[in-house]
Protein chains: 2
Amino acid sequence: MSGSLTIGDFSRATFLSVKTLRHYHRVGLLEPSDVDPITGYRRYTSNQIPTAQVIRRFRDLDMPLEDIGSVLRAPDQTTRGRLIAAHLTRLEQSLADTQRAVASLRDLLEHPWPPAAIEHRRIPATPAAAITATVEVGDLAAWYQGAVGEIRATLSAQSIASGGPPGGIYANELFSEERGEATVFLPAHSEVRPVGRVGPFTAPPVELAFITHIGSHADVDRSYGALATYVTEHTLAIEGPVREYYLVGRHDTGDEQDWRTEIGWPIFDTIHVPI
Amino acid sequence: MSGSLTIGDFSRATFLSVKTLRHYHRVGLLEPSDVDPITGYRRYTSNQIPTAQVIRRFRDLDMPLEDIGSVLRAPDQTTRGRLIAAHLTRLEQSLADTQRAVASLRDLLEHPWPPAAIEHRRIPATPAAAITATVEVGDLAAWYQGAVGEIRATLSAQSIASGGPPGGIYANELFSEERGEATVFLPAHSEVRPVGRVGPFTAPPVELAFITHIGSHADVDRSYGALATYVTEHTLAIEGPVREYYLVGRHDTGDEQDWRTEIGWPIFDTIHVPI
DNA sequence: TCTTGACCCTCCCCTAGTGGGAGAGTCAAC
DNA sequence: GTTGACTCTCCCACTAGGGGAGGGTCAAGA
């Protein structure tokens with residue numbers, strides 16, 4: 001009882017272009033009900049129209065064809081619902097990210113950046129409690145929150161006082177390859193007993209060019225840029241992973257405007273630098 | 001006073017990959033300050049770092065490289081600001097669209113679609129006042145609002161009573177090629193004098209397969225799909241542009257849930273249809 | 001001065017999801 | 001039988017790069 005349609009008819013019925021339908025056939029997303037083995041002519045049936053509509057829906061949401069295929073091939077309604085919900089959640093997440101980026105850019109255009117001072121600082125080796133892991137740059141913020149919470153809890157349980165604000169050490173691959181090693185540490189006066197992911201750590205001594213970044217981390221690239229300009233203008237070679245100290249952060253105040261982050265790029269010891 | 005950097009140094013300073021920097025050079029977005037004519041080695045200066053940061057910012061917002069180029073090449077700050085603001089506005093618009101699509105899809109998953117009845121109807125020629133234009137499918141909703149408002153105002157000014165709800169006639173190219181001819185008309189008992197874009201019009205007589213769509217237009221593709229399935233299952237060839245009648249719309253109620261839209265696909269006269 | 005390893009170059013192919021077009025074969029109506 | 005609309009496959013183009021081959025360049029150490 002379902003009519004047979006040429007690809008042109010099916011195209012008009014679904015508002016998907018002929019080119020697109022052929023592509024969906026090639027990748028196995030929407031198979032014609034029949035293909036003439038001699039002429040190669042495709043035939044569709046009208047009960048494929050709802051399927052095509054569903055595909056259009058998901059494509060409008062930029063779901064990859066492969067993911068749409070998984071949804072369509074899902075064995076049961078529960079699996080299907082989970083797949084769709086997962087995609088929607090990801091989508092809403094990325095929407096929120098983009099909105100934050102837009103807001104930050106708008107703000108930047110309206111309020112030009114106040115110039116920040118850069119100073120050199122020699123950091124001695126620092127005994128601390130730390131968590132180290134290889135993370136995706138996209139998960140970094142969430143990972144940091146969890147890690148620093150775990151360290152605080154561990155120090156508190158062992159009655160060890162913290163010797164300063166928390167810090168992070170980030171391998172350069174984290175930025176160049178979206179994935180790399182990250183360490184979050186909290187200076188500690190006595191050695192922590194390993195519990196869970198937390199273990200004792202000594203932040204290595206470094207000579208750093210420092211900038212203090214004020215406000216949300218959404219704008220942190222500006223400070224990084226200023227720092228990079230400074231370092232290269234003074235022909236200081238860059239060595240090793242970057243380091244950040246969170247003087248004032250989410251733990252201290254809810255207002256992102258008040259956050260203070262020190263960002264340090266390791267440089268050669270000044271005795272190597274031609275004046 | 002600005003240091004000279006190899007592409008690798010510049011890559012580390014800006015967190016843009018070497019591949020990406022070469023690509024930006026190729027497309028003329030970010031030219032190295034110097035290229036060795038013998039070796040082809042690129043050289044960058046540290047005062048190009050802020051430019052690279054700006055490019056990164058915009059790329060995070062998925063701005064096409066070409067558009068970023070226009071922003072960077074803008075002759076003055078005002079032009080630049082306008083270009084950026086325009087992009088941000090488009091971006092926020094598309095974010096809102098996507099959010100609506102997500103919400104609509106979520107809703108669809110939670111509340112399955114009630115089946116709608118389809119009927120045939122023979123529409124006689126209808127005298128009307130109308131506006132016709134070639135529009136982009138993306139602008140259609142906004143264009144419709146403006147057009148129908150102008151028609152209402154014109155009829156009112158000429159004291160002509162309207163003979164029914166407003167309708168639209170949409171060429172198929174509008175859906176298949178994102179751009180096509182659209183007409184919005186309001187039945188009128190006497191002939192309107194042309195004013196502005198508004199002119200007299202006779203909606204041609206057609207035989208239509210009709211479905212009544214209830215609710216927001218975000219879900220209208222479902223009704224279209226049902227209609228397409230019906231039409232092809234009954235082997236009724238599709239002829240000419242689709243037609244919609246806005247029985248209850250934005251003009252009548254603010255609650256999109258209560259909107260009622262009749263959607264009609266032209267079909268061959270029933271005498272041609274094998275039973 | 002030579003070697004070595006890190007760095008850089010171009011060129012080509014790959015991605016996803018189409019659009020455009022060439023050249024050839026097919027269908028249906030007149 | 002012809003014509004015109006339709007369809008087929010194949011190739012190239014687009015974005016914003018990534019991966020890798022094959023080869024040239026640079027700077028430091030021996």
Side-chain angles (χ1 to χ4, degrees), chain A residues 4-30 32 34-44 52 55-70 87 172-173 175-179 235 237-239 268 272, chain B residues 4-30 32 34-44 52 55-70 87 172-173 175-179 235 237-239 268 272:
Chain A
S4 178
L5 301 163
T6 67
I7 195 169
D9 294 337
F10 195 68
S11 163
R12 278 180 288 277
T14 59
F15 299 114
L16 291 165
S17 79
V18 170
K19 283 278 190 185
T20 300
L21 290 172
R22 286 203 268 253
H23 182 61
Y24 289 174
H25 180 196
R26 197 164 45 246
V27 301
L29 180 60
L30 183 62
D34 183 59
V35 178
D36 187 311
I38 309 296
T39 67
Y41 274 37
R42 293 168 180 85
R43 282 295 177 158
Y44 293 86
I55 295 175
R56 258 181 79 85
R57 276 273 184 163
F58 286 126
R59 280 303 300 143
D60 285 348
L61 297 177
D62 285 324
M63 191 188 274
L65 295 189
E66 199 171 330
D67 294 9
I68 301 179
S70 323
H87 181 76
N172 289 326
E173 300 88 55
F175 306 104
S176 58
E177 293 160 29
E178 309 273 285
R179 179 182 172 79
T235 60
I238 299 153
E239 278 281 283
F268 279 130
H272 291 294
Chain B
S4 178
L5 302 164
T6 68
I7 196 170
D9 295 337
F10 195 68
S11 163
R12 278 181 288 275
T14 60
F15 299 115
L16 291 166
S17 79
V18 170
K19 282 276 188 187
T20 301
L21 290 172
R22 285 202 269 252
H23 183 61
Y24 290 173
H25 181 198
R26 197 164 48 247
V27 302
L29 180 60
L30 184 61
D34 182 59
V35 178
D36 188 311
I38 309 295
T39 67
Y41 273 38
R42 295 169 177 83
R43 282 293 175 161
Y44 294 84
I55 295 175
R56 257 180 80 85
R57 277 276 185 164
F58 286 126
R59 281 301 302 142
D60 285 349
L61 297 177
D62 285 324
M63 191 188 274
L65 294 189
E66 199 172 331
D67 295 7
I68 300 178
S70 327
H87 181 78
N172 289 326
E173 300 87 56
F175 305 103
S176 58
E177 293 159 31
E178 307 275 284
R179 180 185 171 77
T235 61
I238 300 151
E239 278 280 284
F268 280 132
H272 292 295

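Residue numbers begin at 1 in each chain, while the letters A, B, ... track the order of the sequences.
Using a 4.0 Å cut-off, no side-chain N or O of B:S17 falls inside it from OP1 or OP2 of D:dG17.
Summarising the geometry, the separation between CG on B:L16 and C1' on D:dG17 is reported as 12 Å, rounded to the nearest angstrom. The NE2 atom of A:H23 sits 17 Å away from the P atom of D:dC11 (whole-angstrom rounding). Atom pair A:R26:CZ and C:dG17:C1' shows a separation of 10 Å (rounding to whole Å applied). If you measure from atom CG of A:D62 to atom C1' of C:dT18, you get 13 Å, rounded to the nearest angstrom.
Judged as a side-chain hydrogen bond (donor to acceptor under 3.5 Å, both in side chains), and not counting sequence neighbours, A:S70 has no contacts. Listed by chain and residue number, nothing satisfies the side-chain hydrogen bond (donor to acceptor under 3.5 Å, both in side chains) test with B:R22 (two or more places apart in sequence, or in another chain). The side chain to side chain contact (heavy atoms under 4.5 Å, CB included) search around A:T39 returns A:D36, A:Y41, not counting sequence neighbours. The side-chain hydrogen bond (donor to acceptor under 3.5 Å, both in side chains) search around A:R56 returns none, not counting sequence neighbours.
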Letter by letter from the 5' end, nucleotides 1-14 of chain C scores (B base, S sugar-phosphate only, - none; protein heavy atoms under 4.0 Å) ------BSBBB---
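The side chain of A:Y24 sits closest to C:dT18 out of C:dT18, D:dG18, D:dG17.
Comparing the axis of the opening five pairs of the helix from C:dT1-D:dA30 to C:dC30-D:dG1 with that of the closing five pairs yields an angle of 30°, rounded to 10°.
The backbone N or O of B:F10 lies less than 3.5 Å from a partner atom in the side chain of B:T14, making a donor-acceptor pair.
Nearest heavy atom pair, residue A:L16 against residue A:A52, reads CD1-CB, 3.9 Å.
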